[in-house]
K.L.:
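Handing you this structure, nothing more for now.
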Amino acid sequence: MPRPDRYLVGAVSLAVVMVALVIGVGVAFAYDAGAPRRRTPPPPATGAVAPLAPAVTGAAPAAPAADPYRPDDAWLARVAGQTGIPPRALAAYARAHLRVAAEQPGCRVAWNSLAAIGGIESLHGSVHGSVLGDDGVPRPTILGPVLDGGAFGAVHDTDGGALDGDATWDRAIGPLQFIPSTWARWGADGNGDGTSDPNQIDDAALAAARYLCHAGDLASPETWRRAIFSFNHSDAYVADIAELANVYAARTGAG
């Protein structure tokens, strides 16, 4: 991300996902499914409040919560049931949405766009038999094809094999499929453990959200398309992400 290979899961796996969800939306822009509910209110925002954010019920705490971006359990259970997204993966996408909404309220990155990327790239951390653990790490490790110029573009090693295990060529890594050079710039600590790991889905989702926000306000269709295209330089990829993101939004009754 950005990278010369198309994407890990591919059209066959996408077709399986789409048949399972039984909704087709053939547009090239994903609409926002609305903000996920927080479990507790965040610290007071200092800028403009992003539109469409739901009101938080209950009295505000006397001090900021220790984890202000933890999604509401009831919201997670409902949306996971509606969309088929595994709750652990959905929690990562929702957490990234909430955090970046506070950091960059003018970006308006949507959880369903992040979820679509995770779904296309790795079936939410479950592609090729991997299992997404409670710690947010899929096992075995998810690695994309070797970028040696064969079936995909050539990307010579940029990390000495530290992340992808290949000291000659680069490979995309983890549930959102970052290449090492992109992770070196955008890597993030989404779960607050003090490390930035592309194999950990909270870290990867936060990094992806910030990366997309670099394009600008994602409520603009043109900006959204440009952001997704920068993630993977393929018009077909942009269309697939839009279609799946819209499926998720429709399943939750948004839009």
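Throughout, residue positions are numbered sequentially from 1 according to the sequence presented. In this text, all values refer to a predicted model and were calculated from it rather than measured experimentally.
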K.L.:
Linking I/L/V/M/F/W/Y whenever their side-chain heavy atoms sit closer than 4.5 Å, directly or via other members, would Y237 and L244 fall into one cluster?
P.N.:
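They do share one cluster, since a chain of ILVMFWY contacts under 4.5 Å joins Y237 to L244.
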K.L.:
Between W224 and L218, which heavy-atom pair has the shortest distance, and what is it?
P.N.:
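Heavy atoms only, the tightest pair is CB-O, 3.7 Å.
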K.L.:
Do you reckon V146 sits in the same ILVMFWY cluster as I173, going by side-chain contacts under 4.5 Å, direct or chained?
P.N.:
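No: no chain of side-chain contacts under 4.5 Å links V146 to I173.
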K.L.:
As an exercise, state the distance from CG of L176 to CD1 of I142, rounded to the nearest 0.5 Å.
P.N.:
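With rounding to 0.5 Å, CG (L176) is 9.5 Å from CD1 (I142).
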K.L.:
Donor-acceptor check, side chain of N199 to backbone of V137, threshold 3.5 angstrom: yes or no?
P.N.:
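Side chain of N199 to backbone of V137, a donor-acceptor pair under 3.5 Å: no, none is there.
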K.L.:
Should H214 and Q104 count as side-chain neighbours, where that means a heavy-atom distance under 4.5 Å?
P.N.:
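H214 vs Q104: side chains apart.
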K.L.:
Got a sec, which residues hit salt bridge (Lys or Arg N to Asp or Glu O under 4.0 Å) with D202, two or more places apart in sequence or on another chain?
P.N.:
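Per chain and number, D202 pairs via salt bridge (Lys or Arg N to Asp or Glu O under 4.0 Å) with R88.
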K.L.:
Can you list every pair that meets side chain to side chain donor-acceptor pair (under 3.5 Å) and has a residue in residues 130-155, with sequence neighbours left out?
P.N.:
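Matches after skipping sequence neighbours: D135-R139.
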K.L.:
Over 60° means perpendicular and under 30° means parallel, so tell me whether F178 and W183 are parallel, tilted or perpendicular.
P.N.:
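Perpendicular, since the angle between the ring planes exceeds 60°.
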K.L.:
So which atom in Q82 and which in R251 form the shortest heavy-atom distance, rounded to 0.1 Å?
P.N.:
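Taking every non-hydrogen atom into account, O-NE, 2.7 Å.
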K.L.:
Which distance, rounded to the nearest 0.5 Å, do you find between the OG of S196 and the CG of N191?
P.N.:
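It is 9.0 Å, given to the nearest 0.5 Å.
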K.L.:
Would you mind reporting whether I179 and T158 have side-chain heavy atoms less than 4.5 Å apart?
P.N.:
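With C-beta onward as the side chain, the pair stays apart.
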K.L.:
What distance separates D157 CG from L147 CG, expressed to the nearest 0.5 Å?
P.N.:
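If I round to the nearest 0.5 Å, the distance is 11.0 Å.
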K.L.:
Which heavy atom of G129 sits nearest a heavy atom of P140, and at what distance?
P.N.:
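Scanning both residues, the minimum pair turns out to be O-CD, 4.2 Å.
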K.L.:
When you measure from the side chain of Q177 to the backbone of G174, do you find a donor-acceptor pair of N or O atoms at a distance under 3.5 Å?
P.N.:
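Indeed, once roles are kept as given, a pair shorter than 3.5 Å links the two residues.
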K.L.:
Partners of D217 by salt bridge (Lys or Arg N to Asp or Glu O under 4.0 Å), sequence neighbours excluded?
P.N.:
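Listed in chain order: R108.
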K.L.:
Within this structure, what is the NE2-CG distance for the pair H97 and L206, rounded to the nearest 0.5 Å?
P.N.:
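These two atoms lie 13.0 Å from each other.
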K.L.:
Give the minimum heavy-atom separation between T252 and A249, together with the two atoms involved.
P.N.:
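Distance-wise, the nearest heavy atoms are OG1-O, 2.9 Å.
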K.L.:
Test side chain to side chain contact (heavy atoms under 4.5 Å, CB included) on W111 and I85; report intermediate values, then the result.
P.N.:
CA-CA 12 Å; W111 68 265; I85 301 170; 4.0 Å; yes
K.L.:
Just by distance, do the side chain of D203 and the backbone of G190 share a donor-acceptor pair under 3.5 Å?
P.N.:
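Answer holds: yes.
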K.L.:
Is there a path of hydrophobic side-chain contacts, each under 4.5 Å between heavy atoms of I, L, V, M, F, W or Y residues, that connects V109 with W75?
P.N.:
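In one cluster: yes.
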K.L.:
Before giving the answer on side chain to side chain contact (heavy atoms under 4.5 Å, CB included), spell out for D193 and D189 the whole-Å C-alpha distance, their side-chain angles and the decisive distance to 0.1 Å.
P.N.:
CA-CA 7 Å; D193 66 354; D189 178 12; 3.2 Å; yes
K.L.:
Search all heavy atoms of A204 against all heavy atoms of P198 and return the closest pair with its distance.
P.N.:
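Looks like CB-O, 3.8 Å.
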K.L.:
Can you tell me how far OG of S122 sits from CG of L132, rounded to the nearest 0.5 angstrom?
P.N.:
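Taking CG in L132 and OG in S122, the distance rounds to 8.0 Å.
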K.L.:
Considering all heavy atoms of both residues, which atom of L143 and which atom of D164 are nearest to each other, and what is their separation?
P.N.:
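Smallest heavy-atom distance, with atoms named: CD1-O, 3.9 Å.
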K.L.:
Is V238 reachable from F231 through a run of hydrophobic residues whose side-chain heavy atoms are each under 4.5 Å from the next?
P.N.:
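F231 and V238: one cluster.
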K.L.:
What class does the angle between the rings of Y211 and W186 fall in, given that below 30° is parallel, 30 to 60° is tilted and above 60° is perpendicular?
P.N.:
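Perpendicular.
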K.L.:
Working note: R95 + D67, criterion side chain to side chain contact (heavy atoms under 4.5 Å, CB included); need CA distance, chi angles, decisive distance, verdict.
P.N.:
CA-CA 10 Å; R95 176 186 289 275; D67 187 359; 2.9 Å; yes
K.L.:
With a 4.5 Å heavy-atom cut-off, do C213 and V100 have their side chains touching?
P.N.:
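In short, these two side chains touch, coming nearer than 4.5 Å.
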K.L.:
Do side-chain atoms of T195 reach the backbone of D197 as a donor and acceptor pair under 3.5 angstrom?
P.N.:
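No; judged by distance alone, with no hydrogens or angles, the pair does not exist.
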K.L.:
Can you check whether A116's main-chain N or O pairs, donor with acceptor, with N112's side chain at less than 3.5 Å?
P.N.:
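Such a contact is absent between N112 side chain and A116 backbone.
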